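Keep in mind it's a predicted model, so treat the numbers as computed, not measured. Chain A is the first sequence line, chain B the second, and so forth, proteins listed ahead of strands; every chain is numbered from 1.
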2 protein chains.
Amino acid sequence: MISSAYWDRAFAEAEAASARGEVPVGAVVVGPEGQILAAAGNRTEEWADASAHAELIALRAAAEALGSPRLTGCDLYVTLEPCPMCAGAISHFRLRRVYFAAYDPKGGAVEHGARLFDQPTCLHRPEVYGGFREREAAEMLRRFFALRR
Amino acid sequence: MISSAYWDRAFAEAEAASARGEVPVGAVVVGPEGQILAAAGNRTEEWADASAHAELIALRAAAEALGSPRLTGCDLYVTLEPCPMCAGAISHFRLRRVYFAAYDPKGGAVEHGARLFDQPTCLHRPEVYGGFREREAAEMLRRFFALRR
């Protein structure tokens with residue numbers, strides 16, 4: 001499977017989140033053989049759970065699918081730069097690579113803010129690639145917030 | 001209820017985690033009226049979930065108990081300085097105060113490492129108090145790791 005299929009799925013999860021009234025963020029965890037292990041969108045409102053970000057839900061589901069707390073050789077595709085909570089979880093789950101779409105100067109903790117993976121105390125640093133389909137992801141978020149203000 | 005009862009519960013959760021073969025960390029969420037809303041210990045091995053830290057489990061359970069993703073006016077008691085993932089979750093859940101026991105220079109993200117709550121991009125900063133029953137908490141962790149090395 002080529003990566004555009006992962007992105008299509010991540011964006012579809014984000015659009016589905018938006019339709020539920022959730023901030024449109026979608027995430028996909030891909031296993032070492034290229035199979036999609038888990039995909040999720042934000043559920044913070046629906047689940048009344050402030051930790052129910054797309055990334056954390058997908059990471060936990062992928063670990064459940066593999067029966068292991070370590071996602072060695074797995075990659076994450078997410079439509080927004082991860083926040084500190086999700087970046088911390090990415091380290092704990094030992095992801096191999098993180099691909100994200102829109103940069104998040106206010107809430108991101110990978111290329112902005114705490115830059116968690118660059119901290120000397122960071123125990124596991126994945127490879128990180130940002131800016132994929134960035135305009136599309138940023139536009140999706142702008143549309144969502146424009147409707148609510 | 002006085003705070004020593006919260007600490008007793010947090011330490012009991014940590015000791016129970018240790019007995020399950022988990023890193024001994026325990027956490028308690030206390031509601032605005034002083035009632036214990038949730039208490040938990042680490043479950044990362046048992047649940048095969050690298051995000052199953054005591055704090056995150058307790059925060060989610062407290063939100064479920066209240067039916068709200070925001071734990072306004074609630075406090076967290078935890079036997080170890082929170083990591084970046086849990087510190088990020090503490091902000092998302094809008095905790096009022098965080099009390100922790102042992103400092104964690106290697107894995108902590110409150111007084112060490114990323115110092116998440118001191119980042120200019122941090123959206124919600126709780127009051128933080130560290131060092132309660134510090135020696136007891138540090139000794140519990142040392143004992144656990146000494147047995148495994």
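Looking at A:H112, neither its backbone nor its side chain comes within 4.5 Å of chain B, counting heavy atoms on both sides. Interface residue A:R70: only side-chain heavy atoms are found under 4.5 Å from chain B. The contact between A:L116 and chain B is made entirely by side chain atoms (from C-beta outward), counting heavy-atom distances below 4.5 Å. Neither the backbone nor the side chain of A:I90 has a heavy atom closer than 4.5 Å to any heavy atom of chain B.
Listed here is the closest heavy atom pair of B:H92 and A:C83: NE2-SG, 3.3 Å. Residue B:P69 comes nearest to A:A50 through the heavy atom pair O-CB, 3.3 Å, listed as atom of the first residue, atom of the second, then distance. Of all heavy-atom pairs between A:A63 and B:A48, the closest is CB-O, 3.5 Å.
A:S51 places none of its side-chain heavy atoms less than 4.5 Å from the side chain of B:L59.
Taking B:R94, B:K106, B:E64 one by one and counting their heavy-atom pairs under 4.5 Å with chain A, the maximum is reached by B:K106. Ranked by heavy-atom pairs under 4.5 Å with chain B, the list A:T121, A:T44, A:D49 is led by A:D49. Between chain A and the options B:A89, B:S91, B:C86, B:P105, heavy-atom pairs under 4.5 Å are most frequent for B:A89.
Following chains of ILVMFWY side-chain contacts shorter than 4.5 Å, one cannot reach A:L76 starting from A:M85, and the two form parts of different hydrophobic clusters. In the hydrophobic clustering of ILVMFWY residues, with side-chain heavy atoms under 4.5 Å counting as a link, A:V110 and A:Y103 come out together. A chain of hydrophobic side-chain contacts below 4.5 Å, direct or via other Ile, Leu, Val, Met, Phe, Trp or Tyr residues, connects B:Y99 to B:I36. B:V98 and B:W7 sit in two unconnected hydrophobic clusters of ILVMFWY residues. Membership requires side-chain heavy atoms under 4.5 Å apart, directly or through other members. With hydrophobic clusters built from ILVMFWY side chains whose heavy atoms lie under 4.5 angstrom apart, A:V25 does not share a cluster with A:F132.
By the 6.0 Å contact criterion, CD on A:Q119 is enclosed, its count of non-hydrogen atoms from other residues, nucleotides or ligands being greater than 12.
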